[in-house]
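These notes are about the structure you will find just below.
The model shown is predicted, which means the values in this text are computed figures rather than measured ones. Labels below follow one simple rule: chain letters A, B, ... track the order of the sequence lines, proteins then strands, and each chain is numbered from 1.
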Protein chains: 2
Amino acid sequence: MTETRVTVVDIARAVGVSKSTVSLVLQGSPLVSEATRAKVTSVMRDLGYVYNRGAANLRQSGSKSGIIGVVVNDLTNSFFAELAVGVDVIVQSAGFVQFLANTSESIDRQREVIATMREHGISGLIISPARGTEPSDFRPLVAAGLPVVVAVRNSPGAKVSSVISDNEGGIFAGVAHLASLGHRRIAFLGGFPDTAVFQERTAGYRKAMQANGLDCDDGLIIASAPSRLGGVEAISQALKLGDRPTGAVCFNDAVAFGVCDGLRAQHLEPGVGFAVIGFDDVIEARTAVPALTTISVDPQGIGRRAAQLLLKQINAGKAEAETLISSVRLVVRDTCGATRAAAEMDNVNRRQTGS
Amino acid sequence: MTETRVTVVDIARAVGVSKSTVSLVLQGSPLVSEATRAKVTSVMRDLGYVYNRGAANLRQSGSKSGIIGVVVNDLTNSFFAELAVGVDVIVQSAGFVQFLANTSESIDRQREVIATMREHGISGLIISPARGTEPSDFRPLVAAGLPVVVAVRNSPGAKVSSVISDNEGGIFAGVAHLASLGHRRIAFLGGFPDTAVFQERTAGYRKAMQANGLDCDDGLIIASAPSRLGGVEAISQALKLGDRPTGAVCFNDAVAFGVCDGLRAQHLEPGVGFAVIGFDDVIEARTAVPALTTISVDPQGIGRRAAQLLLKQINAGKAEAETLISSVRLVVRDTCGATRAAAEMDNVNRRQTGS
DNA sequence: GACCATAATTGGAACGATCCAAAAATGTCA
DNA sequence: TGACATTTTTGGATCGTTCCAATTATGGTC
């Protein structure tokens, strides 16, 4: 029920020094004698003093508030939750705090959230932009000299740093794997074509098809919502093609799961009649049946690297826009047919019943 | 590259009014004329003005900073990620922002994080305390008049509000379900006994055993780490008992998955030779094979209610400590044997091969 | 046009810290 | 002891906003 909060002046009065001295203690200045420092800190503890950072960075020029804004588009997606944790690890150990907000893919909410963060004087921003974010949306931020790092979703054209995963390389590896298993007609399923991630992944697809001497028919690229439902739609469309594909790399794991659902509806078993590869390696990929072959990315690592990059820029005052590409790796499980082929070799009689 | 930030005085000068008038516009005061309001807002936009909230709540007595601190013990656990999202939904729609931090179950980190949040003048705190948090840890917070809501993990003895799930009722329902399937020896597996959650869940277990006329032998309660590994250990211990249990309710889903692993190691199939019920209903519970029967809680709902409770307290100035209990429900899937019993009835020949 | 009520505007003093130049205390040495 | 260097300490002034009392503009009425 202490109505009045304790300030430096209260401390100063109690100790018998000036507020300037207390301030110096607060900043750990070497100018203050050991004796007074001890007295001051002791009294601070006794009176239950809490530092008022708002008042502090009012005086301190610029915004060294020590707050890092983190904006993600979907925190319920464990991919982004991991990302946020990665950021937090670095940010906390650097003595900063994290301001986390969720946009739920809403541009409006994203705008509001960024505005509020700026009002609170964030020292930097890490953002996984909502779909439809324009490069120009970052303009006022960089103009104000605010360090910004874009994570996961690239924003070409915006003059900001970014940390993304190796979308092209990942899909390339997936396609190459299917080709090595003997597939000739390989589809790319899912994703919105108006996103940078889609562009990068289909680029990897095209390169891999060519590199493996396969026919790169654009009809084999079927866009859809990047969701389970989108996957169902994409595969049903793919199976209607004249020269049916025998396998597919998918935009992400959600699409891949949808593709598996769609295959079963057509009495095809993923990994037997049709090979499926996802992207992300979400938790369920491991535990699903059949387990999903997928491209594994390290969201926490991306978060950590984004945070490091941002801190570097904050300390450097103003650095060049820089792009980091986080490597990915193919995790072979059951839906691509590779393990199954080996198992069948082993015992022909297993698992006769479908459903 | 605009070195000097734009302030109300700049706006005032540009428009030709006093800073006080600009301030009134900022607060949406009805005292200012429509004409000037329009001019001011327009100039604010032109000059790219950003409101300095720090300076504002320096003047505004007390801390109506508009920041809600949220502390969770493990954000990588989707349960807590969902909780944070639930909080965010309410908090954002009320015009507040969320300050999210992760403690990774570290008391030290929790202390640091709370201290930093206070320095930034949070208006309230929602916390899922790290293991080992003492009720006395909340003392200075409530003493300072800071509204606090404890979520998920109760902290009996601390004079703070809390939102928890119906641990007792959930376990009661699980035990009752197993009893209705004919089980007589039912174990409770996993969890640290020194936590409030454990106490509540075992209380539900004991009540249900008695209510169903079953022998409530304390030897059937086997504690362990609340993890997959802990589950493996707990079940191996349970199977060594003289009068072996035929089913178990587990502390949480992670333990339940571990129990399934342990059963298979003993050539028992979950849901056939032994019934298993989890708690939480994490995402993997649905997709695992066999799918986990579990007590479903609604973490996002808990988050929302915690946020609502906190906002109520913030607005009310100072309210009584209040406890909300979020209801749970039993989700019957495969590991309890109920669906299997039905399926066997249907077709005796299905699924002969294990593993 | 004088009067009044109401509407709109305005300086200056806060808020709680930091910063700076300058003062006071302390130590050193001839 | 005095002169000087060095270590500690200290009053304002300041950051960008809100608050308050006081001032000025506006409109209506007789």
Side-chain angles (χ1 to χ4, degrees), chain A residues 2-41 43-44 47-67 116 118-123 144, chain B residues 2-41 43-44 47-67 116 118-121 144:
Chain A
T2 44
E3 286 305 331
T4 52
R5 69 149 81 212
V6 185
T7 78
V8 279
V9 196
D10 299 323
I11 306 289
R13 220 189 324 262
V15 180
V17 293
S18 80
K19 60 187 162 51
S20 305
T21 306
V22 178
S23 174
L24 290 177
V25 171
L26 241 21
Q27 307 170 245
S29 163
L31 274 69
V32 65
S33 79
E34 257 342 296
T36 41
R37 180 193 306 283
K39 241 185 299 178
V40 168
T41 43
V43 171
M44 285 200 315
L47 298 189
Y49 170 74
V50 300
Y51 182 70
N52 185 334
R53 215 170 267 267
N57 38 263
L58 180 56
R59 188 63 177 79
Q60 275 160 342
S61 62
S63 44
K64 25 199 309 284
S65 62
I67 308 180
T116 315
R118 292 190 66 191
E119 292 182 357
H120 279 103
I122 51 172
S123 308
Chain B
T2 44
E3 285 306 329
T4 53
R5 68 149 83 212
V6 184
T7 76
V8 279
V9 194
D10 299 323
I11 305 289
R13 221 191 321 266
V15 180
V17 293
S18 80
K19 61 186 162 51
S20 304
T21 305
V22 178
S23 174
L24 290 176
V25 172
L26 242 22
Q27 308 169 247
S29 163
L31 272 69
V32 64
S33 78
E34 258 341 296
T36 41
R37 179 192 308 282
K39 238 185 303 178
V40 168
T41 44
V43 171
M44 285 200 314
L47 298 190
Y49 169 74
V50 300
Y51 182 71
N52 186 334
R53 214 170 267 267
N57 39 263
L58 180 56
R59 189 64 178 80
Q60 277 160 341
S61 61
S63 46
K64 28 200 308 282
S65 63
I67 307 178
T116 315
R118 292 190 66 192
E119 292 183 357
H120 279 106

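- Nearest to the side-chain atoms of Thr7(B) among the listed nucleotides dT17(D), dT9(D), dC19(C) stands dT17(D).
- Looking at Lys19(B) and Thr7(B), their side chains never come closer than 4.5 Å, going by heavy atoms from C-beta outward.
- Met44(B) has its CE atom 13 Å from the C1' atom of dT17(D), to the nearest Å.
- Distance NZ (Lys39(A)) to P (dT8(D)): 14 Å, rounded to an integer number of Å.
- Put simply, Ser18(A) has a side-chain N or O that comes within less than 4.0 Å of OP1 or OP2 on dT10(D).
- Just one of Thr21(A), Thr41(A), Val43(A), Val25(A) meets the side-chain contact (heavy atoms from CB on, under 4.5 Å) condition when paired with Ile11(A); it is Val43(A).
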How far apart are the C-alpha atoms of Arg5(B) and Asn52(B), what are their side-chain angles, what is the distance that settles it, and do they pass the side-chain contact (heavy atoms from CB on, under 4.5 Å) test?
-> CA-CA 10 Å; Arg5(B) 68 149 83 212; Asn52(B) 186 334; 4.1 Å; yes

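- Among the atoms of the strands shown, base atoms are found under 4.0 Å from some heavy atom of Thr21(B).
- Contact annotation: Ser23(B) side-chain N/O to dT17(D) OP1/OP2 distance is not under 4.0 Å.
- Take the nearest nucleotide of DNA chain C for Ala55(A) and for Pro30(B): the residue whose nucleotide is more 5' is Pro30(B).
- Atoms NZ (Lys19(B)) and C1' (dA13(C)) sit 9 Å apart, rounded to a whole Å.
- Distances shorter than 4.0 Å separate some side-chain N or O of Gln27(A) from OP1 or OP2 on dC19(C).
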Please lay out, stage by stage, how Leu26(A) and Tyr49(A) fare under the test side-chain contact (heavy atoms from CB on, under 4.5 Å).
-> CA-CA 11 Å; Leu26(A) 241 21; Tyr49(A) 170 74; 3.6 Å; yes

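- Between Val8(B) and Val32(A), it is Val32(A) whose nearest contact on DNA chain D lies nearer the 5' terminus.
- Atom CZ in Arg118(A) sits roughly 16 Å away from atom C1' in dG16(D) (whole-Å rounding).
- In this entry the distance linking CG of Leu31(A) with C1' of dT18(C) reads 14 Å, nearest Å.
- Listed nucleotides: dA8(C), dT18(C), dT18(D). Nearest to the side chain of Ser33(B): dA8(C).
- Judged by distance alone, with hydrogens and angles left aside, Arg59(B) brings no side-chain donor or acceptor close enough to the base of dT17(D) to form a pair under 3.5 Å.
- A straight line from CG of Leu58(B) to C1' of dA14(C) spans 9 Å, rounded to a whole angstrom.
- One donor-acceptor pair, N or O on each side, does fall under 3.5 Å between the base of dG11(D) and the side chain of Ser20(A).
- At whole-Å resolution of the value, CZ in Arg53(B) and C1' in dG16(D) are 14 Å apart.
- Note: CG (Asn52(A)) to P (dG16(D)) measures 16 Å, nearest angstrom.
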Leu58(B)/Leu58(A) under side-chain contact (heavy atoms from CB on, under 4.5 Å): CA gap, chis, key distance, verdict | CA-CA 9 Å; Leu58(B) 180 56; Leu58(A) 180 56; 3.2 Å; yes

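- Side-chain N/O atoms of Thr36(A) include one lying less than 4.0 angstrom from OP1 or OP2 on dT9(D).
- The residue Val9(A) sits apart from the nucleic acid: no heavy atom pair falls under 4.0 Å.
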